[in-house]
Each structure stands twice: as structure tokens, then as C-alpha cells.
2 protein chains.
Amino acid sequence: MDHQAKGTRKGRAALKADEAKVDLIAVVVAVNDSEPCLLTIGNADTLPSGPYALEHRSLQSGLRGWVEQQTGHPLGYIEQLYTFADRDRIGAERQERAISISYLALTRKEQATGSANCGWRSWYEYFPWEDHRSGTPVVLDILRPRLIEWAEGASDATTRRERRQRAAIAFGFDDRNWNEELTLQRYELLYESALIEEAGGGRDVAPAAVSGKAMIADHRRILATGIARLRSKIKYRPVVFELMRPSFTLLQLQRTVEALAGRLINKPNFRRLVEQQELVEETGETSLETGGRPAKLYRFRHAVLDDRAVAGTKLPLARA
Amino acid sequence: MDHQAKGTRKGRAALKADEAKVDLIAVVVAVNDSEPCLLTIGNADTLPSGPYALEHRSLQSGLRGWVEQQTGHPLGYIEQLYTFADRDRIGAERQERAISISYLALTRKEQATGSANCGWRSWYEYFPWEDHRSGTPVVLDILRPRLIEWAEGASDATTRRERRQRAAIAFGFDDRNWNEELTLQRYELLYESALIEEAGGGRDVAPAAVSGKAMIADHRRILATGIARLRSKIKYRPVVFELMRPSFTLLQLQRTVEALAGRLINKPNFRRLVEQQELVEETGETSLETGGRPAKLYRFRHAVLDDRAVAGTKLPLARA
DNA sequence: TCCGATTATATTCGATCTGACAATAAGGGG
DNA sequence: CCCCTTATTGTCAGATCGAATATAATCGGA
């Protein structure tokens, strides 16, 4: 009565009826020189990953093992992202079931111990339309007419209206505000409209500089999921500090948040928010790196992980 | 180079090295008469679940299939919660790996089509300390000294301070505010301190009326995850309407939100927020159910699922 | 039919928060 | 000593939020 009727199918493939392959996939992020970077292996089009195996004590430790083995990078902060069941991935014809459990990890670039066939790439190479720090990126001037065209290409009027609306919301057309958290929705729209490489077809695919670098299988979708999650999370949890050096200036902190969010923040307001939440404390030293008046150095108050636990790091973003 | 060295382990059990059993588990929620209800099977201590099988087109459709088969309930809104790898669950000794992918589903009680060995229970039967609608529940008067006792029982002073602090934050001791979103943290504290049944031991377990009804395996933890997610989500996405009838009064809507959040909301402020976000529109009819002045009936504006898509239903909660 | 009990709906007010802008302070270099 | 650069502090109006109050509509009993 509990788990019923598992024997009704003909066991056709190598796998038994109720078993599946389980893969662990990592989106490993660091920020360097105001640029959000992704850890990749192979041709910079693959995320670190590997099968969940018997000797792994847990999903997390399995993931750490694979990433360290493939990239030489030990991981700090880890958070589960999403679990996909991707039939297409390995073998649709063989009817294997493959499950991918994806994780978001935050580190710093320096923690590498040499090694391996891996490297860091700005995540905006994969999503050129996501970086609004210098205003609306030019690639959107190319993508917008293509998206409109796709919307108008629908057979019935209802679908057309719906498509126009979805595109307008996701990309901020028609005087709407840009919402940096909609990274996944934007990716899915571009996928549906076949403007990017993964989306089969290929005839309508925009040039790589516009549509961004593709990745194998569904890895770019997983990256989009990670970016969206991170952009949302920095607003209510102090996770940014996982990406910072032990001591830093407030401007460095701001630039890091801006790199992740893909948009600029008002400086005084950012400072006010960080200080009034008591997220940081002065080290007493100053940094002379920037030319002008020396900036005070701060360190993260680890105490907030206890007492403030949930309050969160709101970030003040410009409205329009 | 991609997925390397999968043959290094001795194939010991029935399962092959890189395969695992995958279960789908559902937390199905409805709200009836201002009471948040959970759909259970068996002895009201089991969540609907079943193995992910070959004939399932996707994880979601597999889940829908199992729930409908076990309870006769078709599901509407579904959202993935978390993926657990629970060695303990099925057979630690056999070294099987079992993966549980959990989902949160929202429906209405009426949509049942009779059938089956299942039923609805208020989720506060499992978590009596979570309902603060009538002020701080009395069970906390019993749990608090037990938690303090547990905290003071630690060997070193650092651990003691840390435990006291965690308990105070999670449960709102020492004049802190109650935070309804910390359901999972509270469950984990009670688990660690062995005050609930699942936590092995048993000698310190409080009476069932205080520690709540237990569930099999880790099902109560999964429920806690679902409650926490839902309490967080109603604040920024209009998901409440999945639980409402096609037309409803604003007070009914408020009572539903309060049931989920486990705390009361200021009436005028709630109305203001709902109206200024244009989440609902009047049907033109009124409800006479309540005795006094008839309440206007409203329906959900499905348009907001498009245009406002992400804005969100903030809910105004009392501060202290 | 009038009155009060009950519930729904509308309005107001002050505290706080937020975004935008301006002003001042502290270094380096000519 | 002046000027340029960057850091830091301060101000102000508008929006938001929580709390409390005032008004409206129905029912039932005197």
C-alpha cells in the first residue's frame, strides 16, 4: 500500500526499475576585480560534476569531493539549488533516468591549489545581457527585435500577447524596470525563441557575442538558476562575505555586490545599510590602494551569523 | 576526464555503483476553516510518496501520479522543496542509497474524489509550538525550560552559550521577536535536544500533546521544510490564492494567510496591501455568512500572474 | 420601527525606511 | 599651497508601514 506496484513494467534497460543515475553538479562562484567568475572544466563549457557514489558520506561531501578532484579547489559555503531529471541528457533512446542535483558554492579565487584542467570565466560571457552596470547592454538592442519577432510569429492572438508580455517583463521592455532576479526566466525565453545555441534549431541563433557562450547539456540553465538564486539571496542573507577577503573596504564590498547583481548601487545608501545592520567592524587599518583618501578596512562580524541570523543584508538598488 | 574513476569501488550490493533509489515525496497543503491541513496516508504519520519510475514523464508528473493514486487528490500548484539523501532511511547496513525529492503542493480540500486510505490533519498537530494566533502557545512554557536545560548540559562554556543563543533566536526567548519562518530551525533544535520522538533516545521526550505527533522516517522534517518555505513564500508571491475558493471575502483571505503564518495580521493594513497591489477584483456579489454587514466577494486577478509576475504579496505582520 | 450588537469598510496619523543629492574630510602630486 | 581624487558624513522629501479611529451596512429583538 505504501509504495505500490513497482513490478508492472518490463525491465528493459541496464538499470532496474526504481533506480536511477544520480549526478552532482556544482556552480562555483568567486568575484575577482569586480567580475563574477564561474569555475569550469574542459573547454570552459562544463560545470564540475560527477556521480553520487557509494563512498560519499552525503550529497554535499560527494560534491566537495568531485570539485576538489576535478579543479583542486576546496569549497566553503554550499547550498542546494535544484534537482533536475533530464531524460534528454544521457540517453533518451535507452530510457535511462538521470538525475542531477545541483549546488551553488561560493569561494575566493586565491584558494586554488594549482592543478588541473579548469579555469575561471566571467559569468557574463555566458549571459551578456545580464550585466547592466554600465547601463543597458548593447546586446539587448539586437535581442529585442528578435524577441518581438518571435512573439509576433505565434499563430493565435492570445499567444502573441502572452509572449510579448513575458518578454517585456523579463527584459524590462516598454519602460518597465529591469529586474535582475529574472535571470532564469530570461534564459528560458531565449531558449523558447531559439535565439541561443542549446535550443536545437540553429538558424535563428544570434552570434556568440550576443547570445553568449553555450555550455554542454543543460549546464547553462543550471548556471542561470544559480545566478538567480544568488542575486535573490544577497538581499536577505549576508552571503557576500564568503566571497570577500578577510579584510576589505566598503567600496570593495559594494563592487562585489554590484558584480553579482549586475547593476549599480547608490554609495551612501549602501554604506548606511551595511553599517546600521552591524554586519562589519573596523579593523583599525586603512587601504591606500585607490589614490584618494585612504579607505578604512573592515572585517565581517561573524557574530551576526548567530544573533542576527536571519535579519539579512538588504541592498539598496536604484529604482528606475 | 569528465566523470572519472567510477570503477574503483567493489560492487557490493544489489545496486550498481552509480545508481540509487529515487523517491518522490509530497507535502500537500490545504486550508479549511482557518486551519492549515496536511494530506497524509496510513496512520496520519506518512506523507504521500512513491518511487520515481520509468513510465513517469518527469519528476512532477511522477509525483502527481503517486499522490492521485494514493489519495485520489489531483494536484494543482507544485514546487520542489529539497532533495535528501537519507542513508538511515531504508537500509544503512545494506549500503543502499536512497534519494528523496520532496515537493510542496497547494490544493483545496474539496477537490478530493472520495477514495482511499488518507486524511487531512492540521499541521499544528505535528508542530503545536508553531501556532501563535492566540498568543504564545502554552506548550512553549514546557519546552523552554527543557531547552534551557539542554543548553546548560553542554560540556564547555562556548557550546553552552551557543546553544542558549540558538534557542533564544529560534523560539524568541529573552524578549526577542517570534519569527514564524524559522520552523525548520526550531524542529532541528528540538531534534538535537532529543525532546521529540524521532530523536532516538526517548527518555527526555515530552508528552505528545507538547512535542507534537511524530511521523515515520524524516517525514516530519520534510513537513517542517515545507511549512518554512510556504511561510516565506506567501510574503512575496501570490500563492495563497491556490488555497482559496474561486470567490472569497477579504477576511477569509486574511484568515487563510494567518493560518499559514501562525500569527495574526492587522486587518486594515492587510486590506490596504491586497488592494493597492491589485491582486483581487470584486465579483459584485456579497457574502451574508457572518452576521453583520455583508462582505464583498472578490476573485483573484489572474492577470497579475502575468504582468505583476514577481512583485509579490507582502503581508503586514505586527512588529513586536 | 428603532436601537444596539456585529461585522465590514474607509480614513487618518505618526514613525520609520528609502532613494537621491549635497557637503565635508583626508590623502597625493604638482 | 592649490587641485584632483576618493572616502565619509549629512540632509531631505517621498513612500511605506503599523496602529488606531471613524463610518457604513445588516440582523435581531424590544
Side-chain angles (χ1 to χ4, degrees), chain A residues 33-34 132 177-180 234-236 247-258 261 263-298 308 311-320, chain B residues 33-34 132 177-180 234-236 247-258 261 263-298 308 311-320:
Chain A
D33 290 328
S34 302
H132 286 231
N177 290 340
W178 173 259
N179 184 338
E180 74 279 359
I234 47 173
K235 292 183 185 162
Y236 61 94
S247 80
F248 47 85
T249 71
L250 289 183
L251 186 58
Q252 287 169 348
L253 183 64
Q254 179 179 344
R255 293 280 176 253
T256 303
V257 173
E258 288 174 340
R263 62 189 303 179
L264 297 179
I265 304 175
N266 182 289
K267 182 142 76 170
N269 294 348
F270 179 78
R271 300 172 62 87
R272 174 174 60 190
L273 219 53
V274 169
E275 284 173 341
Q276 82 185 11
Q277 289 183 128
E278 298 178 298
L279 294 170
V280 297
E281 61 192 0
E282 302 184 11
T283 66
E285 297 171 278
T286 54
S287 162
L288 296 169
E289 293 178 5
T290 46
R293 171 175 173 173
K296 290 183 193 166
L297 284 172
Y298 292 83
R308 189 145 315 214
T313 329
K314 303 179 206 154
L315 62 152
L317 291 172
R319 182 160 290 180
Chain B
D33 290 328
S34 303
H132 285 232
N177 291 339
W178 172 260
N179 183 339
E180 73 280 359
I234 47 174
K235 291 183 186 161
Y236 61 92
S247 80
F248 47 84
T249 71
L250 290 183
L251 186 58
Q252 287 169 347
L253 183 63
Q254 178 178 348
R255 293 281 175 254
T256 302
V257 173
E258 289 174 340
R263 63 189 303 179
L264 296 179
I265 305 176
N266 182 288
K267 182 143 74 168
N269 294 348
F270 179 80
R271 300 172 60 88
R272 174 174 58 191
L273 221 52
V274 170
E275 284 174 343
Q276 81 186 12
Q277 288 183 127
E278 300 178 296
L279 293 171
V280 297
E281 60 191 3
E282 302 184 12
T283 67
E285 297 171 276
T286 55
S287 163
L288 297 170
E289 292 178 4
T290 48
R293 171 175 174 174
K296 289 185 194 163
L297 284 173
Y298 292 82
R308 192 146 311 217
T313 329
K314 302 180 203 153
L315 64 153
L317 292 171
R319 183 161 289 181

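Small disclaimer: the values here were computed from a predicted structure and weren't measured. The chains referred to below are lettered A, B, ... by the order of the sequence lines, with proteins before strands, and numbering in each begins at 1.
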For the pair made of CD in Gln277(B) and P in dT16(D), what is the distance, rounded to whole Å? 10 Å
Whole angstrom value for the distance that separates P of dG18(D) from CG of Leu264(B): 14 Å
Atom CG of Asn269(A) and atom P of dA15(D) are separated, to the nearest Å, by 16 Å
A quick test of your reading: do over 12 heavy atoms of other residues, nucleotides or ligands sit less than 6.0 Å from CD of Glu285(B)? no
With sequence neighbours excluded, tell me which residues meet side chain to side chain contact (heavy atoms under 4.5 Å, CB included) with Arg272(A). Asn269(A), Gln276(A)
Within-4.5 Å side-chain heavy-atom neighbours: Val274(B) and Tyr298(B): no
Between Ala295(B) and Pro268(A), whichever has its closest DNA chain C nucleotide further toward 5' is Ala295(B)
Rounded to whole Å, NZ of Lys267(A) lies from P of dT9(D) at a distance of 12 Å
Nearest-angstrom distance from the residue atom CD of Glu285(B) to C1' of dA8(C): 17 Å
Measuring only between side-chain heavy atoms, which start at C-beta, is Gln254(A) closer than 4.5 Å to Lys267(A)? yes
Between Leu253(B) (CG) and dT7(C) (P), how many Å, whole number? 19 Å
Here the gap from Glu282(B) atom CD to Glu275(B) atom CD, rounded to the nearest 0.5 Å, amounts to 8.0 Å
Specify the residue among Lys296(A) and Arg272(A) whose closest nucleotide of DNA chain D lies further upstream toward the 5′ end. Lys296(A)
For Gln252(B) and dA8(C), what is the distance between atoms CD and P respectively, to the nearest whole Å? 9 Å
Atom-pair distance (CD1 on Ile265(B); C1' on dC17(D)), nearest Å: 14 Å
How is Leu251(A) classified with respect to the nucleic acid when contacts are heavy atoms under 4.0 Å: base, sugar-phosphate, or nothing? sugar-phosphate
With sequence neighbours excluded, tell me which residues meet side chain to side chain contact (heavy atoms under 4.5 Å, CB included) with Thr249(B). Leu251(B), Gln252(B), Ser287(B), Ala295(B), Leu297(B)
To the nearest 0.5 Å, atom CG of Leu288(B) lies from atom CZ of Arg293(B) at 12.5 Å
Counting side-chain heavy atoms from C-beta on, which of dA19(D), dT18(C), dT9(D) comes nearest to Asn266(B)? dA19(D)
Please list, pair by pair, any protein nitrogen or oxygen found under 3.5 Å from a nitrogen or oxygen in nucleotides 24-30 of chain D.
| unit_1 | atom_1 | unit_2 | atom_2 | d |
| --- | --- | --- | --- | --- |
| dA24(D) | N3 | Arg293(B) | NH1 | 3.1 |
| dA25(D) | O4' | Arg293(B) | NE | 3.4 |

Which nucleotide sits closest to the side chain of Gln276(B): dA10(C), dC17(D), dT9(D)? dC17(D)
